[in-house]
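Convention: sequence-line order gives letters A, B, ...; per-chain numbering from 1. In this text, all values refer to a predicted model and were calculated from it rather than measured experimentally.
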Number of protein chains: 2
Amino acid sequence: MRTQNYSKKRQAIYELLLSTKEHPTAEWIYNTLKDEYADLSLGTVYRNLKLLEKNGMIKSVAVVNGCERYDALTSPHSHFVCTKCSRVIDVFYRDEVPDFIRNMHIDGADRVDYFSLIYYGTCNNCE
Amino acid sequence: MRTQNYSKKRQAIYELLLSTKEHPTAEWIYNTLKDEYADLSLGTVYRNLKLLEKNGMIKSVAVVNGCERYDALTSPHSHFVCTKCSRVIDVFYRDEVPDFIRNMHIDGADRVDYFSLIYYGTCNNCE
DNA sequence: AACAATAAAGATAATAATTATTGATTTGTT
DNA sequence: AACAAATCAATAATTATTATCTTTATTGTT
């Protein structure tokens, strides 16, 4: 039987995403993995990110400076984006918040599937 | 005296944004205005959007399908994005929501300046 | 283990949105 | 009117991403 994720490189991309809290870009993943996989190509990274996203194994959490940022942590949480260094940090909300937000009436919407809550500001590293 | 916004075209871009709830892209603005301003160029639209944004007169509210969407309504509110037709709809939350969110503790953040809350789903038009 | 079928990859070209450059034009001030 | 600064159009350049196409890797079956 053919499993969903049998290729070495796809597996490496997924595991790298699982192991980091960087919420990396395709470029970052490519640069990180090309030491181990010398023949890796950027197109492969993009292709597999799209594929993993479609399978629900990873999520695109934000577009920062025109670059898509990915996360293998798919449980509901939000993010903080540093407007100086573009760092993306996980934010876990208390249970009440999603309910509060979820009950919002939206005029013109037929069905709400999900929402994205992103904070912007300055991170610790940027003082 | 030279006011901040004295050029005809910049004024037209700003007023168009004020008059619509489309949350348009640069392209949309360009196409809408080029009837009246035959010699308008797309670069001018981009340049002035950046400028108006820097002046705080407009806001970038989301990136939908890789396109930046702008809004002249700068009072705090959030948005609904239709994942089928890319329509962007204003969502006005109760006053408590910002407070509730603002009190959230974010580990790694030094200062939170603002946040963005975006809902995704299907709009009325897309049934 | 070998083979054929299929999936995945690399290399490269193509898109698409946005930004930068440059030289001409408009605007406000003297 | 003349001058300087701001703005613009046109165009070229960037940058992130996607598509194409040929080759290589992986899998299930014999």
Worksheet item: A:Y6 has a side chain; which of D:dA9, C:dA8, C:dG10 sits nearest to it?
Response: C:dA8
Response to the item:
Separation of C:dA9 atom P from A:I29 atom CD1, nearest Å, is 14 Å
Item to complete: Identify, between B:Y70 and B:K8, the residue whose nearest nucleotide on DNA chain C lies closer to the 5' end.
Response: B:Y70
Worksheet item: Hey, is CG on B:N65 packed in by over 12 heavy atoms from elsewhere, all under 6.0 Å?
Response: no
Practice prompt. Grab the OH-P distance between A:Y37 and C:dA8 for me, whole Å please.
Written response: 16 Å
Item to complete: Kindly write out the residues that satisfy salt bridge (charged side-chain N to carboxylate O under 4.0 Å, His left out) with B:D99, not counting sequence neighbours, or none if the list is empty.
Response: B:R102
Worksheet item: Whole-Å distance between C:dA9 P and A:I13 CD1?
Response: 7 Å
Worksheet item: Whole-Å distance between C:dA8 P and A:Q11 CD?
Response: 12 Å
Heteroatom pairs (N/O) under 3.5 angstrom, protein to nucleotides 15-17 of chain D:
from: D:dA16; atom 1: O3'; to: A:G66; atom 2: O; distance (Å): 3.2
from: D:dT17; atom 1: OP1; to: A:E68; atom 2: N; distance (Å): 3.0
from: D:dT17; atom 1: OP2; to: A:Y46; atom 2: OH; distance (Å): 2.5

Worksheet item: Would you say C:dG10 has OP1 or OP2 under 4.0 Å from some side-chain N or O of A:S41?
Response: yes
Discussion item. Are more than 12 heavy atoms, taken from residues, nucleotides or ligands other than A:K21, located less than 6.0 Å from that residue's NZ atom?
Written reply: no
Discussion item. Closest approach to the side chain of B:R47, judged atom by atom: which nucleotide of C:dA9, D:dC8, C:dA7 is it?
Written reply: D:dC8
Practice prompt. Would you indicate whether B:D95, at its atom CG, is surrounded by more than 12 heavy atoms from other residues, nucleotides or ligands within a distance under 6.0 Å?
Written response: no
Worksheet entry | Neighbour count above 12 (heavy atom, 6.0 Å) for A:E127 CD | no
Item to complete: Write down the distance between CG (B:N48) and C1' (D:dC8), rounded to a whole number of angstrom.
Response: 9 Å
Discussion item. I want to verify a distance call: between D:dA9, D:dT27, C:dG10, whose nearest atom is closest to the A:L40 side chain?
Written reply: C:dG10
Worksheet, complete the sentence: B:R69 CZ to C:dT18 P, in whole Å, measures 11 Å
Discussion item. Within this structure, what is the CZ-CG distance for the pair B:R10 and B:N55, rounded to the nearest 0.5 Å?
Written reply: 7.5 Å
Item to complete: Using atom CG of A:L51 as one end and atom P of D:dT18 as the other, report the distance to the nearest whole Å.
Response: 12 Å
Practice prompt. Kindly compute the distance separating CZ (A:R111) from NZ (B:K84), expressed to the nearest 0.5 Å.
Written response: 6.5 Å
Item to complete: Would you indicate, yes or no, if D:dC8 has its OP1 or OP2 atom less than 4.0 angstrom from a side-chain nitrogen or oxygen of B:S7?
Response: yes
Worksheet item: Once you round it to whole Å, what is the distance between C1' of C:dA8 and CG of A:L33?
Response: 16 Å
